[in-house]
Every structure is written in C-alpha cells, then in structure tokens.
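Everything on this sheet refers to the single structure shown next.
Position 1 is the first residue of the sequence; numbering continues from there. Hydrogens, waters and symmetry mates are skipped; everything else that's a heavy atom, side chains included, is used.
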Amino acid sequence: MIKRFFTIVLCLILILAASAFAAPSVFGETAGAVSGVSGDCQWSFNPDSGELRVFGKGRMADYEAMSYTPWYEYRKRISSVVIENGVTYVGEECFANCPINKYIELADTVTEVGSMAFSGNDAITEIKMSQNLEAIDYSAFSELGVKELTLPKSLKAVSVDAFLNASIESLTIPDGCECVFDSSFEKCSLLKNVYIGNGAVISDSTFAYCKSLKKFTVSSDHSDLSAGNGHLFNKDKTKLIMYCNGNGATTSTLSSAITELGDYAFSSNPTLTSITLSKNLQKIGSNTFYGSKIECINFTGQSLKQIGAEAFDYTPWLRSQPEGLLYLGTVAYRYIGESPETITLKEGTLGIGDNCFKKQTALKSVTLPSSLLHIGRYAFSECESLSDVILPDGLNTIDEAAFNKCTSLSSLYIPDSVTALGERFLYGCSKLKSVRLSENITELPRWGFAFTGLEGDILIPKSVTKIGWAAFHCANGTMTVTIPNPLTEIEDSDLSCFGWHTTVRAYKDSPVYDYLFNPMRGIPFIPIEGDILGDVDSNGVVMIVDATYIQRHIAGIPIPYTLNETLADTDEDSTVTVMDATYIQRWLASLPTNDNIGKPLS
C-alpha cells in the first residue's frame, strides 16, 4: 500500500515538473496553435482568434503563390496578421487573398513589403504601417479594404499598382515623404480626398481612373505641385495633372493659363459632358479623357502640337465623329476608317497625334505641311505600303516608333530642324536603305534603326554624343558607320549595337574606341588616323556636304560647326575660297584635283 502511494506521488511530481519546463505557447493557454518557419523567421497561428504572428529576426520567404505558403491550409481562418519586431521583410504572396477582416500590424523593423504580399484583402478594416517602411513592391496592397491610409514618411520606393483597386477614401502622403508614386493608386474608385506633403513625386498616372476624387490638398512648401479648386496642378498651374473627377460637374471651362493636360487627367469622369479647353493649350496627354462621358469639346486655340494615345478613346465625343481625318485644333488626331492611298495634311497643322495613321495599310504617300512641328508615337506605325514621306524643314521631334514597321519605306531625309528622335522610330523598316540624320540630334535612340535594310555609308553627326543600345541591331544591309569624335557613349547591352554586315569607322582617340575594338564584340573596325584634308565636318569622311559647308561659310550662311579652315583649304593656298568647295566636288567625281584630299594631314 505504501509502495503504491509513493508510486502515485512520484508520477505526480514528474507530471508537474514536465509542465513547469515545457516551452510556453505563443498564444498562452491555446492548445490548438500551429507554427513553422518562413525564411529567417518563425510563424504561429491561433485558430481560436484567427491571428497569425510572424516573429524572429530577418526576412520572410518569398512564395510563387499563396498556395505555396506553410499556412495555406489555414488561410480561410486567418483574420488578422501581426509582423513582430525583428522581422525586416514581408515576402511575396505571403497573405494574398486571405480573408483578413480585422487588422494588419507591421512592426517598425519592417522596411519592405514584397510583391502581392497582402493583395486581395478587401475586407480588412485597419492597418498599422511600419514607421521605417522604405519600399512597397508591386501590388503589395492591391484591393486593400482600409478606408483611411496615412503612409510613413520613411518611404523611398512605391511600385506600380501598389494600391491598385484599393478601397481607400482618404489618403495622406506626409511631409518629408520623398518618394516617387507611379500608378501607385490606379483605379482607387472610392478615393475622395488626398493630401500631398512636400517631397512626394507624383506622376500623371499616380491617380489614374480615380473617378470619385473631390479634393487635393498640397503642402505650400512643395516645390513642384499645387492645388486649385481641389484639382492637382504643377507649381505654376500651367499643367492640370488631375481633375477632381468626383466633383459632380457636368461642364467645365479651363483657365487660359493651362498649356498641358496630363495623362489620365479626366479619365473615367462619370459626369462631365462638356468642356472648354484653354486657348493656349499645347499638349493633351495619353488617356486624358479615356472612358469619360465627354460629348462636347470647345476649342479655338492655335498652339496645340501633341495629343497622346487613346486620349479620347471610349468617349461619346469620339464615337460621334464621321470617317476621315479628325482634327482637334491644329493637330491631326486620328484617321477614322480606312484611309486612301494618298493624304495631304492641311497647312497650319502643328502636330500628328499618337497612333494617328497606325495600321493604315492602304496608305502609300503622305504630304506633310511646312508648319508641322511634331510627329507622335506610332503615328505611321505598320503602314506597310507607305513609301513616300518628305519631312518638312521646321519639324522638331519624331516620337517613339513613329515609322515602326513601315516595310515599304526605302529612304528618309531627316532635316536639321529635328532635335529628338524616339526609340524604335524606324524599327523594322526592312526595305529602308538610306537615311540622312539631322545635324542637331544628340542621341541615336534605342532600337532606332534595328531590323532595317540600311546599307552604304551612314554618317553619325558630330552633334551625337550617345548611341542607345541595339540602335543598329540586326540591320541587315552592308554598311559602314562612321562615328565622330565627340561621341562619348555607346550604351551597352547583351545585344549587339550594330548589324551583322556593319563596319565601323572611328578615330583612335575616340572615347568609345575600346568598346569598338573589343575582339569579343566581333565588330569589323577601321581606325581613322587623324584629321583628313577636305573633311570639314570632321566625321572621318570627305563628302559633298563638306563642299556645301564651305559654300555656306563663304556666303555667310550659318553651319552647324565652327569651320576648320585648315581642313577646308583643299587647294592648300592658305585661304578658304569657293575653289576649295570645287576641289572637293571634283575629287568626289574622280576628276583631277589635289591628291592630298581624303588623306590625313601630315
């Protein structure tokens, strides 16, 4: 009996000892808690309260999808998430589409929230942001259900669509938050009030398609932005960045001070049907009125040069227009229907809108007016029959992919008035054999001449200081590209800048000599030894333009460069006269002249 008594007592002592030294549960008395590991951290889930906590030090793991997370089987029961002190990073897809309907807490040690980490949590009512948060990645809080949101001023990077389709109604970007917001709050259809503190960088697309906006308030200390009548402007109110599309107005008259309407400025406006544009308007951005109810546009201005892509798409105004070339003010905006083979734009036209003639496969010839200043993005893209284009003197800019895949175009002369060329502006013009470049461009754009048929001598103007990557990639003609000395950069990439049958000529002291002469690149290379007699523009080749520059200099007509009289003195009589130009012309025609022309100076 005594032995049995002592046995029972011993068992009780062992049980008590075991319970005394057992590891305490994160959730106290809850016996059903589950736990595990995520990256550098641990996690534990309390099924009774629905709270999931992440603790430890360092970064959580990234997941390809929420279904790969270790708490996936409990996802329908997670109602709140607490990221504890010590955790620095919330992994991608960690809590995507969980039915979190209470709160999210991010400790102040968290500096980054990964892509789609909390996306799809439209029922959440409260969020506590880390006050040291620096980065919010792609779609991290898309469809967030929180009504009021104040961002931490520590933010440095907020990715595209970070809060896409969120239910936010009131947003505060605090003073001192020096962060770029690009499409960050797109389609936040309930957003009404926004405060923007000094330092925040707002793009045209930050609040795209936010159709309930009623009031912007901007810090008076902001260097680039201002607010007026609730709308968002640049500092001097010459650009309307975002109209308050939820103010209920049916008509609007814009201030004459406005010269530019930002991308998406009136997009998805549910009530505005009539607008009077500023008579001084020069640019309408992309998607500016996209999906709005606009029916009537009053505009008498004579300064409009640019209209962006889809500026009026899905509006009653555009749907009511007849077939043919549609103008808005001084811009040829869009050809509606199928174009004829030849088109002549009227004199006084200042710009051709983005996509204006895109995929007009019947178009063969276009006559452009002398007044033209701007050709928009994709303006003639994929006009596969277009073979005849003469760009007028006075044209300033040719935008991205303007003549992309015009597969019948064989040559193009770009006048010296052009100062900027957009990326891929001649991409895929497979029959393009020759191009003359403006002497006033400073950069050859990325993919600018890729997949063309360029052949012969291609002279890069002295004004060019940079060649963008893949500029001549897969250009399949046999050509020689001559690079002037002022050029300082060839943008590197995994793709060859030059075509398969391209030879490059450059001076030995060129800043890009080492790039070109690298045997690994396999670029056939001809070094230019030094200054060449008759090479007036110092591009390494004597051409008819050198004779022209001499003639213009003698006549007192400006030329792009200061004339090098030593190189221009082709008869070597110590004076520059019209005879020197004649000597170059004779040399090019293989007629008797000075045999030193075309040779390096001794």
* Just by distance, with hydrogens left out, do Thr482 and Asp457 show a side-chain donor and acceptor under 3.5 Å apart? -> no

* Using only heavy-atom distances, determine whether the side chains of Asn234 and Asp236 contain a donor-acceptor pair under 3.5 Å. => yes

* With distance as the sole criterion, is a donor-acceptor pair present between the side chains of Asp388 and Ser365 under 3.5 Å? -> yes

* Asked: With respect to His374, which candidate in Asn396, Thr349, Thr397 satisfies the side-chain hydrogen bond (donor to acceptor under 3.5 Å, both in side chains) definition?
  -> Thr397

* Please answer whether the main-chain N or O of Pro558 pairs with a side-chain N or O of Arg552 as donor and acceptor at a distance below 3.5 Å. => yes

* Side-chain heavy atoms of Gln551 within contact of Gln585, under 4.5 Å -> yes

* If you draw a 6.0 Å radius around CD1 in Ile390, do more than 12 non-hydrogen atoms from other residues or ligands fall strictly inside? -> no

* To do: Run the salt-bridge test on Lys462 and Glu439 with the 4.0 Å N-O cut-off and return the result as yes or no.
  => no

* Just wondering, more than 12 heavy atoms not from Lys215 lying within 6.0 Å of its NZ? -> no

* Carboxylate-amine/guanidinium proximity below 4.0 Å for Arg436 and Asp416 -> yes

* pair Val504-Ile483: side-chain heavy atoms closer than 4.5 Å -> yes

* Give a yes or no on this: more than 12 heavy atoms of other residues, nucleotides or ligands lie within 6.0 Å of atom OH of Tyr314. => no

* Asked: Counting only heavy atoms not in Lys235, do more than 12 fall under 6.0 Å of its NZ?
  -> yes

* When rounded to the nearest 0.5 angstrom, what distance separates CD in Gln306 from CG in Leu261? -> 12.5 Å

* Between Phe403 and Phe380, how do the two ring planes meet: parallel, tilted or perpendicular, split at 30° and 60°? -> parallel

* **Lys239/Asp224 ion pair, N-O < 4.0 Å** => no

* Asked: Under the side chain to side chain contact (heavy atoms under 4.5 Å, CB included) criterion, do Ile202 and Ile196 qualify, and how do the steps go?
  -> CA-CA 9 Å; Ile202 303 299; Ile196 301 173; 4.0 Å; yes

* Asked: Would a line drawn from the ring center of Phe216 to the ring center of His231 be shorter than 6.0 Å?
  -> no

* side chain to side chain contact (heavy atoms under 4.5 Å, CB included) partner of Ile597, the single match among Leu588, Ile532, Thr570 -> Thr570

* How are the rings of Trp447 and His473 set relative to one another: parallel (under 30°), tilted (30 to 60°) or perpendicular (over 60°)? -> perpendicular

* Structure fact -> Shortest non-hydrogen pair, Pro392 vs Pro415, comes out as O-CG, 3.4 Å

* **Neighbour count >12 (heavy atoms, 6.0 Å) for atom CD, Gln321** => yes

* Asked: Do the side-chain N and O atoms of Ser203 and Asp182 include a donor-acceptor pair separated by under 3.5 angstrom?
  -> yes

* Thr367 side chain vs Thr344 backbone, donor-acceptor pair below 3.5 Å -> no

* Structure fact -> CG (Asn269) and CD1 (Ile275) are apart, to the nearest 0.5 Å, by 8.5 Å

* Answer yes or no: is there a donor N or O on one side and an acceptor on the other, between the side chain of Asp546 and the main chain of Met543, under 3.5 Å? => yes

* Structure fact -> Minimal heavy-atom distance between Pro369 and Leu345, with the atoms involved, is CD-CB, 3.6 Å

* Flag, side chain of Gln360 to backbone of Gly337, donor-acceptor distance under 3.5 Å -> yes

* Are a donor atom and an acceptor atom from the side chains of Thr577 and Thr575 found within less than 3.5 Å of each other? -> no

* To do: State, yes or no, whether a side-chain contact exists between Lys364 and Leu386 at a heavy-atom distance under 4.5 Å.
  => no

* Mind checking whether Leu272 and Ile294 have side chains closer than 4.5 Å, heavy atoms only? -> yes

* To do: Could you tell me whether a side-chain N or O of Thr206 sits under 3.5 Å from a main-chain N or O of Phe181, the two making a donor and an acceptor?
  => yes

* Structure fact -> In terms of heavy-atom contacts, Pro445 and Ala471 come closest through O-CB, 3.8 Å

* Hey, is NZ on Lys433 packed in by over 12 heavy atoms from elsewhere, all under 6.0 Å? -> yes

* To do: Identify, with sequence neighbours excluded, every residue that meets side chain to side chain donor-acceptor pair (under 3.5 Å) alongside Tyr335.
  => none

* To do: Answer whether the closest heavy-atom distance between the side chains of Thr442 and Val464 falls below 4.5 Å.
  => no

* To do: Report yes if the side chains of Lys293 and Thr271 come closer than 4.5 Å at any heavy-atom pair, otherwise no.
  => no

* Less than 4.0 Å between a side-chain N and a carboxylate O, is that true for Arg377 and Asp354? -> yes

* To do: Can you measure from OG1 (Thr288) to CD (Glu260) and round to the nearest 0.5 angstrom?
  => 8.5 Å

* Could you give the distance from CD (Glu489) to OG1 (Thr465), rounded to the nearest 0.5 Å? -> 8.0 Å

* Are Lys466 and Leu444 close enough, and set up right, to give a side chain to side chain contact (heavy atoms under 4.5 Å, CB included), and what steps lead you there? -> CA-CA 6 Å; Lys466 177 181 178 180; Leu444 296 188; over 6 Å; no

* To do: Kindly indicate, with the supporting measurements, whether the criterion side chain to side chain contact (heavy atoms under 4.5 Å, CB included) is fulfilled by Val481 and Ile460.
  => CA-CA 7 Å; Val481 176; Ile460 298 178; 3.5 Å; yes

* Can you check side chain to side chain contact (heavy atoms under 4.5 Å, CB included) on Leu304 and Ile284, steps first, answer last? -> CA-CA 8 Å; Leu304 188 62; Ile284 297 174; 4.1 Å; yes

* Asked: What is the distance from atom OG1 of Thr315 to atom CD1 of Ile297, rounded to the nearest 0.5 Å?
  -> 6.5 Å

* Gap separating the CG atom of Leu426 from the CG atom of Leu454, nearest 0.5 angstrom -> 8.0 Å

* Verify whether the ring centers belonging to Tyr427 and Phe451 lie closer than 6.0 Å. => yes

* Listed once per pair and sorted, the ring-ring contact (aromatic ring centres under 6.0 Å, His included) pairs that draw on residues 263-285, sequence neighbours left out -> Tyr209-Tyr264, Tyr243-Phe266, Phe266-Phe289

* Backbone N or O of Cys210 within a donor-acceptor pair of the Ser189 side chain at under 3.5 Å? -> no

* To do: Would you name the heavy atoms of Pro316 and Glu295 that are closest together and state the gap between them?
  => CB-CG, 3.7 Å

* Do Arg334 and Tyr327 have a side chain donor and acceptor closer than 3.5 Å? -> no

* Note, Val576 side chain near Ile550 side chain (heavy atom, < 4.5 Å) -> yes

* Note: Lys405-Glu384 ion pair, threshold 4.0 Å (strictly below) -> no

* Asked: For the residue pair Ser159 and Ser184, what are the closest heavy atoms and their distance?
  -> O-OG, 3.7 Å

* Can you find a heavy atom in the side chain of Thr238 that is under 4.5 Å from one in the side chain of Thr259? -> yes

* **Flag for Ser408-Ser387: side-chain donor and acceptor within less than 3.5 Å** => no

* **Residue pair Ser417 / Asp393: nearest heavy atoms and the distance that separates them** => OG-C, 3.9 Å

